Amino acid sequence: TGDVSKRYNGELGGYVIGAVYDDYNEDNNINSKLINNLACSTSHKYFNAGVLLIDVQKWNKLNITQSIIQLEKEIRPNLVYADQDLLNKYFDCNYQLLDPSFNVSHKRVRKYYQKWQLTNCIIRHFVGHKKPWLIHPLKLECVKKDYIGKNLFWKYAMLTPFKFQLLSRFALYFSIMKFFIRNNKV
């Protein structure tokens, strides 16, 4: 519902990555425990690594992949959220904080849901086990926060070459949609 190019084409302020703080863990008082466990600065805002904006040229030039692999060996026993913890430790207080609309998780999705649609949401991040491709396309989106954005997902999924693969898990619906799509009725 928003334009990702606003940030994609923007600057990272000299940082290698841009990320959105992890509101779910923050609201559940987990962030401070994670920060303490990782020995991060107390001023670090623990971010969600599900959506990142990365300056790949800088990342490669600074050999960050190798540095993170080495860091993992050093702090492995302290990792709770593997890659996310590693990235937070490595980029401790050293990343561009992005607007929350670039990583709208289930925790903040209701803020972006008005009049039965997502508004001003740039990237809808489906955290956890309830992914839109696992939810029947005809199931009502309505109030369940894990379902909000599902209809938008299916709208664009139907435009892809792998729509039949996505629909195949819903046998009857798949057969009907396949017929209508092949006969140009949808």
Side-chain angles (χ1 to χ4, degrees), residues 1-109 111-112 118-133 146 148-149 152-153 155-157 159-162 166:
T1 63
D3 187 356
V4 73
S5 70
K6 288 178 186 173
R7 176 46 70 180
Y8 180 78
N9 294 325
E11 289 295 318
L12 281 173
Y15 294 101
V16 177
I17 68 165
V20 174
Y21 76 95
D22 194 327
D23 56 342
Y24 176 77
N25 283 336
E26 189 165 302
D27 289 351
N28 291 300
N29 294 320
I30 298 171
N31 281 357
S32 58
K33 293 174 188 168
L34 292 168
I35 288 169
N36 187 45
N37 189 46
L38 295 168
C40 289
S41 166
T42 56
S43 59
H44 176 68
K45 286 193 79 76
Y46 188 90
F47 59 83
N48 180 288
V51 177
L52 297 173
L53 184 60
I54 302 172
D55 182 331
V56 178
Q57 288 179 336
K58 247 184 208 174
W59 180 287
N60 290 336
K61 183 179 178 183
L62 297 171
N63 205 20
I64 290 175
T65 301
Q66 287 304 317
S67 298
I68 289 176
I69 289 170
Q70 181 58 42
L71 178 63
E72 188 275 338
K73 293 173 185 171
E74 297 167 16
I75 66 169
R76 183 177 296 160
N78 296 356
L79 299 176
V80 176
Y81 299 114
D83 60 322
Q84 186 163 287
D85 282 356
L86 277 168
L87 290 164
N88 272 277
K89 175 63 178 170
Y90 187 85
F91 292 104
D92 184 358
C93 290
N94 191 22
Y95 73 96
Q96 177 71 48
L97 188 62
L98 299 179
D99 185 274
S101 64
F102 286 89
N103 189 346
V104 178
S105 65
H106 63 291
K107 183 68 179 173
R108 64 172 61 99
V109 73
K111 297 174 191 170
Y112 294 88
L118 282 172
T119 56
N120 301 315
C121 166
I122 308 298
I123 299 174
R124 171 64 168 104
H125 179 187
F126 289 91
V127 178
H129 65 281
K130 291 196 177 176
K131 307 296 186 193
W133 51 91
D146 290 330
I148 294 174
L152 199 56
F153 168 83
K155 173 185 172 182
Y156 289 104
L159 302 174
T160 69
F162 48 87
L166 290 166

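What you see is a predicted model, and the numbers here were worked out from it, not measured in a lab. Basis for what follows: all heavy atoms, side chains included, without hydrogens, waters or symmetry-related copies.
Using a 4.5 Å cut-off on side-chain heavy atoms (C-beta onward), Asn48 and Tyr81 make no contact.
Residues in residues 48-71 take part in no salt bridge (Lys or Arg N to Asp or Glu O under 4.0 Å) pair, two or more places apart or across chains.
One finds the CG atom of Asn120 at 7.5 Å from the OG atom of Ser101 (value rounded to the nearest 0.5 Å). Residue Ile35 holds its CD1 atom at 8.5 Å from OG of Ser43, rounded to the nearest 0.5 Å. Considering CG of Leu87 and CG of Leu38, their distance stands at 11.0 Å, rounded to 0.5 Å. With rounding to the nearest 0.5 Å, the separation of CG in Asp22 from CG in Leu34 is 8.0 Å. With rounding to the nearest 0.5 Å, the separation of CZ in Phe102 from NE2 in His125 is 15.5 Å. Going from atom CG of Asp99 over to atom CD1 of Ile122 covers 7.5 Å, rounded to the nearest 0.5 Å.
At a cut-off of 3.5 Å, with distance as the only test, a side-chain donor of Tyr46 or Asp85 sits close to an acceptor on the other residue.
Annotation: side-chain hydrogen bond (donor to acceptor under 3.5 Å, both in side chains) contacts of Thr65 (sequence neighbours excluded): Trp59.
Looking at Tyr95, its side chain does come within 3.5 Å of a backbone N or O of Lys45 through a donor-acceptor pair. Using a distance-only test at 3.5 Å, with no hydrogens or angles considered, no donor-acceptor pair links the side chain of Asn37 to the main chain of Leu79.
When all heavy atoms of Pro100 and Tyr21 are compared, the closest pair comes out as CG-CE2, 4.3 Å. Summarising the geometry of Gln84 relative to Ala49, their closest heavy-atom pair is OE1-N, 2.9 Å, with the distance given to 0.1 Å. Between Cys93 and His44, the closest heavy-atom pair is N-ND1, 2.9 Å.
None of Leu52, Leu97, Val20 except one satisfies the side-chain contact (heavy atoms from CB on, under 4.5 Å) rule with Phe47; the exception is Leu52.
In this structure, Phe153 and Trp133 have tilted ring planes: the angle between them lies in the 30° to 60° band.
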Next on the checklist: Please evaluate residues Val16 and Leu12 with respect to the criterion side chain to side chain contact (heavy atoms under 4.5 Å, CB included), reporting the C-alpha separation (whole Å), side-chain torsions for both, the decisive distance (0.1 Å), and the verdict.
Outcome noted: CA-CA 7 Å; Val16 177; Leu12 281 173; over 6 Å; no

Next on the checklist: Would Tyr90 and Leu86 count as a side chain to side chain contact (heavy atoms under 4.5 Å, CB included) here? Give the steps.
Outcome noted: CA-CA 6 Å; Tyr90 187 85; Leu86 277 168; over 6 Å; no

Donor-acceptor contacts, no H, no angles, side chain residues 68-75, under 3.5 Å, sequence neighbours left out:
{"residue": "Gln70", "atom": "NE2", "partner": "Glu74", "partner atom": "OE2", "Å": "3.3"}
{"residue": "Glu72", "atom": "OE1", "partner": "Arg76", "partner atom": "NH2", "Å": "2.8"}
{"residue": "Glu72", "atom": "OE2", "partner": "Arg76", "partner atom": "NE", "Å": "2.6"}
{"residue": "Glu72", "atom": "OE2", "partner": "Arg76", "partner atom": "NH2", "Å": "3.3"}

